[in-house]
Participant: 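Input: one structure, supplied below.
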Amino acid sequence: MHKLIYIAVAAIGSLLTLLAINLTPEPRVLRSMVPHRFDSSDPQFARTMSSFSQGQMFRTNAVETLVNGDMIFPSMLEAVGAARSTIDMETYIYWSGAVGYEFATALAAKAKEGVEVRVLVDWVGSFPFDEDLIHVMTSAGVRFERYRPIHWYTIDRVNNRTHRKLLVVDGRVAFTGGVGIADNWRGNARSPDEWRDTHYRIEGPAVSAFQAAFGQNWLGTTGETLQGEKFYPPPVPAGALDTQLILSSQPNGSAEMELMMLAAMAAAHDHLRIGMAYFVPDDIALQQILDVRKRGVSVDVVVPNSLTDVPLTRKASRYFWGSLLKAGVRIFEFQPTMYHPKLLIVDDAWTSFGSANLDERSLRLNDEAIAERLRQGFRRDPNRFV
């Protein structure tokens, strides 16, 4: 009897230890906010942002903003249909349903044509996922893998997921943003069944960075190295935008991504706009936002309303509202559906978009990807913000 009690106590202790390991964020690298040294219009801003990160600043890119599923899914599927050599997709959410089936059949069709198709979905985020959809793809030759499935030897990393949303076609066209492969994103945000989100289509030299981002997690999952011209073709200018991709991965944390966000806020001199599905800033990010207001910069924040898919996060977010509202920050709850973008816009001069939210999970635990673009106006199209 005593032996069983000891075993039970040991088992409970082990579970609690594993739970603590997985819920404890990575140690913080940044210990204070980034001081205001120059404005976003200063040429030093672009040079500094580029030097902060290992992510190279690529010039001559084109970035197209896609608003909601009615624009996003057709554009992605069109690119898939036009693929000639490779399709690489990584996503946190891939759920069963009409959208999941449409992508599965489209990817399978290209695999049958001889295109190399690789699909990497997060082990946690891909529930619920009909095994029949996997069979549709794999039977046609699609390489399908789950990121970090749970094994006894990976139990200490169960909380480290890939939250990236990447689609790269022929090494020339890339997509990223907030959208998962699921029916939740169908439509045009007209009702609670049609989530509001923004995705981006990128062409130009920066696509090589998106390809490398996929290759990083594919290598870690399968051991396969992606190399050669079919993944990295010679760069071709596509537009006038400077674009940079910033990645976060465990076990090294997301210090660079957090630094980029805070440094961008520090350079705001006219208007800072934050649109986040999950807005729970830590004490340093909160100080950064309050410092922006203290300098007289207008700050607008858009967050989900009561239809959020994570009510607890909404409650946590509201905890910070008092100090923000008192400082003059304007906070808006998007209507009439779940608001899922991840946007940071500084003075119509710099924009961050991708998979990362302003919360502990994105900045401490997940593998994330955000892209930045310089010198792009937003006032002409309010949909690019809200």
Side-chain angles (χ1 to χ4, degrees), residues 26-59 61 63 206 209 240-248 252-276 279-302 320 323-324 326-331 342-354 356-360 362-364 368-379 384-385:
E26 293 297 312
R28 173 181 291 172
V29 176
L30 295 174
R31 295 179 175 85
S32 62
M33 66 180 189
V34 178
H36 173 71
R37 301 294 190 200
F38 38 73
D39 292 341
S40 63
S41 57
D42 190 320
Q44 184 60 46
F45 172 66
R47 291 194 293 269
T48 300
M49 295 298 280
S50 179
S51 65
F52 271 154
S53 172
Q54 297 177 2
Q56 178 183 348
M57 185 71 74
F58 295 90
R59 304 190 184 282
N61 300 281
V63 180
L241 296 180
D242 295 346
T243 306
Q244 182 179 18
L245 181 67
I246 309 300
L247 300 176
S248 70
N252 299 319
S254 311
E256 290 184 347
M257 185 174 292
E258 186 176 15
L259 176 60
M260 299 294 282
M261 287 187 176
L262 299 186
M265 294 182 193
H269 66 85
D270 178 41
H271 201 166
L272 171 64
R273 283 169 280 185
I274 301 170
M276 291 286 167
F279 176 70
V280 189
D282 63 15
D283 57 336
I284 295 176
L286 183 64
Q287 291 174 28
Q288 195 79 58
I289 296 170
L290 292 174
D291 183 69
V292 171
R293 272 300 301 142
K294 193 174 182 179
R295 293 189 285 106
V297 177
S298 298
V299 180
D300 292 334
V301 179
V302 178
F320 303 97
S323 58
L324 292 171
K326 186 177 180 180
V329 174
R330 299 193 301 175
I331 302 176
K342 301 93 169 60
L343 289 169
L344 185 66
I345 303 173
V346 178
D347 298 331
D348 296 336
W350 182 93
T351 309
S352 163
F353 56 87
N357 291 284
L358 195 58
D359 65 359
E360 286 284 334
S362 284
L363 297 180
R364 299 283 187 273
E368 302 279 9
I370 62 170
E372 302 160 353
R373 61 183 181 185
L374 295 167
R375 296 191 293 275
Q376 174 74 338
F378 280 80
R379 289 194 176 112
R384 293 175 187 247
F385 173 44

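What you are looking at is a predicted structure, and each value in this text was computed from that prediction instead of being measured.
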Participant: What distance do D347 atom CG and D39 atom CG have between them, rounded to the nearest 0.5 Å?
Facilitator: 7.0 Å
Participant: I'd like to know if the side chain of S50 reaches the main chain of R47, judged simply by a donor and an acceptor atom lying under 3.5 Å from each other, with no hydrogens or angles considered.
Facilitator: no
Participant: Below 4.5 Å, heavy atoms only, C-beta onward: do I289 and I274 meet side chain to side chain?
Facilitator: yes
Participant: Check M261 against L344 and note the closest heavy-atom contact, atom names and distance.
Facilitator: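 Taking every non-hydrogen atom into account, O-CD2, 3.8 Å.
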Participant: Checking N61 side chain against R59 main chain: does a donor-acceptor pair fall under 3.5 Å?
Facilitator: yes
Participant: What is the minimum heavy-atom distance between V292 and A268, and which atoms define it?
Facilitator: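 The pair with the smallest heavy-atom distance is CG1-CB, 4.4 Å.
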Participant: Applying side-chain contact (heavy atoms from CB on, under 4.5 Å) to I331 and L324, what does each step give before you reach the verdict?
Facilitator: CA-CA 8 Å; I331 302 176; L324 292 171; 4.2 Å; yes
Participant: Assess whether side-chain contact (heavy atoms from CB on, under 4.5 Å) is satisfied between S41 and H269, documenting all intermediate values.
Facilitator: CA-CA 9 Å; S41 57; H269 66 85; 4.0 Å; yes
Participant: Would you compute the distance between atom OG of S298 and atom CG of L272 and round it to the nearest 0.5 angstrom?
Facilitator: 9.5 Å
Participant: Between D282 (side chain) and A285 (backbone), is there a donor-acceptor pair under 3.5 Å?
Facilitator: yes
Participant: What is the minimum heavy-atom distance between F38 and Q44, and which atoms define it?
Facilitator: CE2-CG, 3.6 Å
Participant: If the threshold is 4.0 Å, N to carboxylate O, is there a salt bridge linking R273 and D300?
Facilitator: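 Answer for the salt bridge query: no.
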Participant: Can you tell me how far OG1 of T48 sits from CZ of R37, rounded to the nearest 0.5 angstrom?
Facilitator: 11.0 Å
Participant: Would you name the heavy atoms of M33 and Q287 that are closest together and state the gap between them?
Facilitator: SD-O, 3.7 Å
Participant: Drop me the distance from F353's CZ to T243's OG1, to the nearest 0.5 angstrom.
Facilitator: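 These two atoms lie 6.5 Å from each other.
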Participant: Find the distance between OG (S32) and CG (L262) and round it off to the nearest 0.5 Å.
Facilitator: 9.5 Å
Participant: With distance as the sole criterion, is a donor-acceptor pair present between the side chains of H271 and D348 under 3.5 Å?
Facilitator: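 Looking only at side-chain atoms, D348 and H271 do not form any donor-acceptor pair under 3.5 Å.
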Participant: Does V34 reach the side chain of D291, with side-chain heavy atoms less than 4.5 Å apart?
Facilitator: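 Result no, sub-4.5 Å side-chain heavy-atom pair not found.
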Participant: Write down the atom of A263, the atom of F45, and the distance for their closest heavy-atom approach.
Facilitator: O-CE1, 4.2 Å
Participant: Which distance, rounded to the nearest 0.5 Å, do you find between the CZ of R293 and the CZ of R330?
Facilitator: 9.5 Å
Participant: List the atom of A266, the atom of P35, and the distance in Å for their closest heavy-atom pair.
Facilitator: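 Smallest interatomic distance, heavy atoms only, reads CB-O, 3.8 Å.
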